[in-house]
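Notes follow the structure.
Below, chain A is the first sequence line, B the second, and so on; all start at residue 1. Excluded from the calculations below are hydrogen atoms, water molecules and symmetry mates; all remaining heavy atoms, backbone and side chain alike, are included.
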Amino acid sequence: MAQKPSIPKGTRDFNPTEVAKRNYIIHTIKAHFERFGFQPIETPSFENSETLMGKYGEEGDRLIFKILNSGDFLNKADAKAYDSKDSNKITASISEKALRYDLTVPFARYVVQHQNEIEFPFKRYQIQPVWRADRPQKGRFREFFQCDADVVGSSSLWQEVEFVQLYDTVFSALKLEGCSIKINNRKILSGIAEVIGAQDKLIDFTVALDKLDKIGEEKVKAEMLEKGIPQSGIDKLQPLFSIEGDFGSQIDQLKSILNTSEEGKKGIEELEFINNGIATLGLKTATLQLDVTLARGLNYYTGAIFEVSAPEGVAMGSIGGGGRYDDLTGIFGLKDVSGVGISFGLDRIALVLEELNLFPETITNTVKVLFINFGEREAMASMKAIKQLRERGVSAELFPDNKKTIKQFNYANKRNIPFVVLLGESELESETYTLKNMISGEQDQLSFEEMLQQLS
RNA sequence: GUGGUUGUAGCUCAGUUGGUUAGAGCGUCGGUUUGUGGUACCGAAGGUCGCCGGUUCGAGACCGGUCUUCCACCCCA
């Protein structure tokens, strides 16, 4: 064999079993999305670069896969940027399209573009692959699926309550019990930044705070100091590092920190509303936890921020995330349309279910019955029976070649085909079918109707 | 993008301080006279040792580059 073919870094092939498992997750998510009233849309795998660039911050721009222009693109490239070998500057002149980086920004574009056809509030779901030029790790790929549900056109906090319910419902349906849905609020983060005099350093402040459980209090403080947050401000944060207790008592502690910030108080109100809703409605298997260090998607989230982590003991990054964005469509020219949404990370959920052995046994689709091939005359008779079985809803197939029986039986075994039919000379004479159960090893000589009954 | 790590048969892995024709298990294929498998016995095939270059009389092993894997940053699902 010559050079073995390969696929790009961070991409994967899926075999039939893997596809079956992924479909199981997708079908579960889809069923519940629809039960919650969301409708599907799909958008192109690539967008105009200007739709995506600048929407995810500097880091995001770096991770967007750019598509090279067709034709003689170098001839049309920015000569100055080309001569100076400035990769960043030349990109815009040689690439006008890019692979989508998530489903939220294309959705915002969709809403603005189709605003006159849409009935608001618009609840849409979207299950499609996205691409990121990231360095792969476990559970991190360059091509992966997101399953998003968003609502635009309503600023009601009932939506947030509903999304927490949706997370809980889907993970419970997948038997993935004990997930924690972490929640925070951008307004609280802004409020804290305001109180410590670091309004203009919100991102730096939250990025540092987000690392608290990873690198510890001292290193977080050091990073904040390094980013220019005054020591006096960091001192005011002290109660935050020791915040603990249940949702309610954490809220109380936040209230004392944020009592001078209007925005912070607003954030607390929102959290309380959501928590009260969930406390009354209840959750099946997940838990809702307040996590003031949670800082995600700050480039557009304005209210609630969600992140879901797998049950304790499973080493996997977040398996879902989301939040409220008051002005996402604003960047495409449509003001005052609030949106909120969540995402399920299909690939990571699949890894977690695999690790915890939570996929149902009966998930793989295989043909129900294989007819052994004994020669031309027998094959023709088999095909007639197979045709009738298929019409009656039974998946059936003929082994295409007249090979030794032992080979044909082996084939049935390897494909986990549960039944085999022997239709040979003697069966043809008596107009019967020998049906063998490959699991129990039992076999009977049956009429067509009897066989059909066994297989239905 | 930064630093580290990994790569030997389809799969899981051996392979001594550089030294003859690179091994095992499992799997695959063939046979044990084409009507009974998963679980018997016999046999066979399959490897440019990720790729390119270098050091050496000699490289799977040492050095450089590159690709890939996984990990830590960064960021994220």
Side-chain angles (χ1 to χ4, degrees), chain A residues 1-12 15 25 29 56-64 87-88 101-104 127-148 203 206-208 210-211 214-215 219 223 294-299 306-310 315-322 341-352 370-375 378 399 401-428 434-443 445:
Chain A
M1 186 165 40
Q3 209 33 299
K4 264 187 215 169
S6 63
I7 53 175
K9 187 203 306 210
T11 65
R12 295 150 299 158
N15 65 33
I25 299 171
I29 292 175
Y56 311 99
E58 206 177 308
E59 183 72 12
D61 282 358
R62 187 173 63 77
L63 297 177
I64 291 173
S87 303
N88 282 332
Y101 175 89
D102 72 355
L103 301 178
T104 307
I127 299 175
Q128 290 191 278
V130 303
W131 294 269
R132 294 182 189 178
D134 212 345
R135 205 175 270 204
Q137 280 180 37
K138 195 182 191 79
R140 173 179 292 193
F141 308 98
R142 301 178 103 178
E143 176 181 61
F144 62 97
F145 266 72
Q146 289 192 329
C147 314
D148 276 31
I203 303 278
T206 49
V207 164
D210 186 48
K211 296 177 190 165
K214 217 175 200 174
I215 62 176
K219 285 185 178 169
E223 182 168 333
L294 178 61
R296 289 293 132 109
L298 291 170
N299 287 297
F306 296 113
E307 182 173 299
V308 184
S309 36
M316 182 63 62
S318 59
I319 57 175
I342 59 170
S343 181
F344 291 81
L346 170 66
D347 305 81
R348 287 186 178 177
I349 292 171
L351 287 172
V352 172
L370 176 77
F371 280 62
I372 300 293
N373 190 328
F374 286 115
E378 292 87 345
F399 193 89
D401 304 300
N402 178 15
K403 280 200 184 164
K404 294 170 102 170
T405 333
I406 189 170
K407 307 276 176 213
Q408 304 194 38
F409 269 80
N410 266 326
Y411 177 78
N413 274 328
K414 275 170 203 155
R415 282 190 55 196
N416 282 317
I417 298 173
F419 291 97
V420 160
V421 167
L422 296 114
L423 179 53
E425 212 172 322
S426 63
E427 284 89 352
L428 280 182
T434 299
L435 179 69
K436 173 158 182 154
N437 181 323
M438 292 297 280
I439 296 152
S440 66
E442 286 167 25
Q443 66 181 54
Q445 217 166 326

Measuring from atom [atom1] of [X] to atom [atom2] of [Y], what distance do you get when rounded to the nearest 0.5 angstrom?
X: A:Ile127; Y: A:Ile25; atom1: CD1; atom2: CD1; value: 11.0 Å
X: A:Glu58; Y: A:Leu63; atom1: CD; atom2: CG; value: 11.0 Å
X: A:Asn437; Y: A:Glu442; atom1: CG; atom2: CD; value: 6.5 Å
X: A:Ile64; Y: A:Arg132; atom1: CD1; atom2: CZ; value: 9.5 Å

Test ring pair (Phe, Tyr, Trp, His ring centres under 6.0 Å) applied to A:Phe374 - qualifying residues, sequence neighbours left out
none
Listed by chain and number, what are the ring pair (Phe, Tyr, Trp, His ring centres under 6.0 Å) partners of A:Phe409, not counting sequence neighbours?
none
Looking at every strand, decide which applies to [X] at a 4.0 Å heavy-atom threshold: base, sugar-phosphate, or nothing.
X: A:Gln443; result: base
X: A:Gly375; result: nothing
X: A:Ile439; result: base
X: A:Gly57; result: nothing
X: A:Lys436; result: base

Of all residues at least two apart in sequence or in a different chain, which pass the salt bridge (charged side-chain N to carboxylate O under 4.0 Å, His left out) check with [X]?
X: A:Lys211; result: A:Glu223
X: A:Asp102; result: none
X: A:Glu59; result: A:Arg62
X: A:Asp61; result: none

Quick one: [X] [atom1] to [N] [atom2], roughly how many Å, whole number?
X: A:Asn410; N: B:G38; atom1: CG; atom2: C1'; value: 7 Å
X: A:Lys407; N: B:G30; atom1: NZ; atom2: C1'; value: 7 Å
X: A:Asn15; N: B:C11; atom1: CG; atom2: C1'; value: 14 Å
X: A:Lys403; N: B:U36; atom1: NZ; atom2: P; value: 18 Å
X: A:Leu435; N: B:G37; atom1: CG; atom2: P; value: 17 Å
X: A:Met438; N: B:U39; atom1: CE; atom2: C1'; value: 13 Å
X: A:Lys9; N: B:U66; atom1: NZ; atom2: P; value: 12 Å
X: A:Lys404; N: B:U36; atom1: NZ; atom2: P; value: 11 Å

Heavy-atom neighbours of A:Gln445 CD exceed 12 at 6.0 Å
yes
Distance, [atom1] atom - from [M] to [N], rounded to whole angstrom:
N: B:U16; M: B:C62; atom1: C1'; result: 16 Å
N: B:C42; M: B:G54; atom1: P; result: 48 Å
N: B:G10; M: B:C57; atom1: P; result: 35 Å
N: B:A9; M: B:A22; atom1: C1'; result: 11 Å
N: B:G47; M: B:C13; atom1: C1'; result: 14 Å
N: B:C74; M: B:C67; atom1: C1'; result: 23 Å
N: B:G31; M: B:U48; atom1: C1'; result: 32 Å
N: B:A77; M: B:G37; atom1: C1'; result: 44 Å

Can you find a side-chain donor-acceptor pair between A:Glu143 and A:Thr11 that sits under 3.5 Å?
no
For RNA chain B, what residues of residues 420-427 of chain A have any heavy atom nearer than 4.0 Å?
A:Leu422, A:Gly424, A:Glu425, A:Ser426, A:Glu427
Contiguous Watson-Crick or G-U pair runs (3 or more, under 3.5 Å) in RNA chain B:
B:1-4 with B:70-73, B:10-13 with B:23-26, B:28-32 with B:40-44, B:50-54 with B:62-66
What residue pairs, at least two apart or across chains, pass side chain to side chain donor-acceptor pair (under 3.5 Å) with a residue in residues 404-414 of chain A?
A:Tyr411-A:Arg415
Dump every N/O contact between nucleotides 26-28 of chain B and the protein below 3.5 Å, one line per pair.
residue: B:U28; atom: OP1; partner: A:Lys414; partner atom: NZ; Å: 3.0

Only residue of A:Leu370, A:Ile439, A:Leu435 satisfying side-chain contact (heavy atoms from CB on, under 4.5 Å) with A:Phe419 is A:Leu435
For A:Ser343, side-chain hydrogen bond (donor to acceptor under 3.5 Å, both in side chains) partners two or more places apart:
A:Asp148
Each nucleotide of nucleotides 70-77 of chain B classed B (base within 4.0 Å of a protein heavy atom), S (only sugar-phosphate) or -, in 5' to 3' order, makes SSBSBBBB
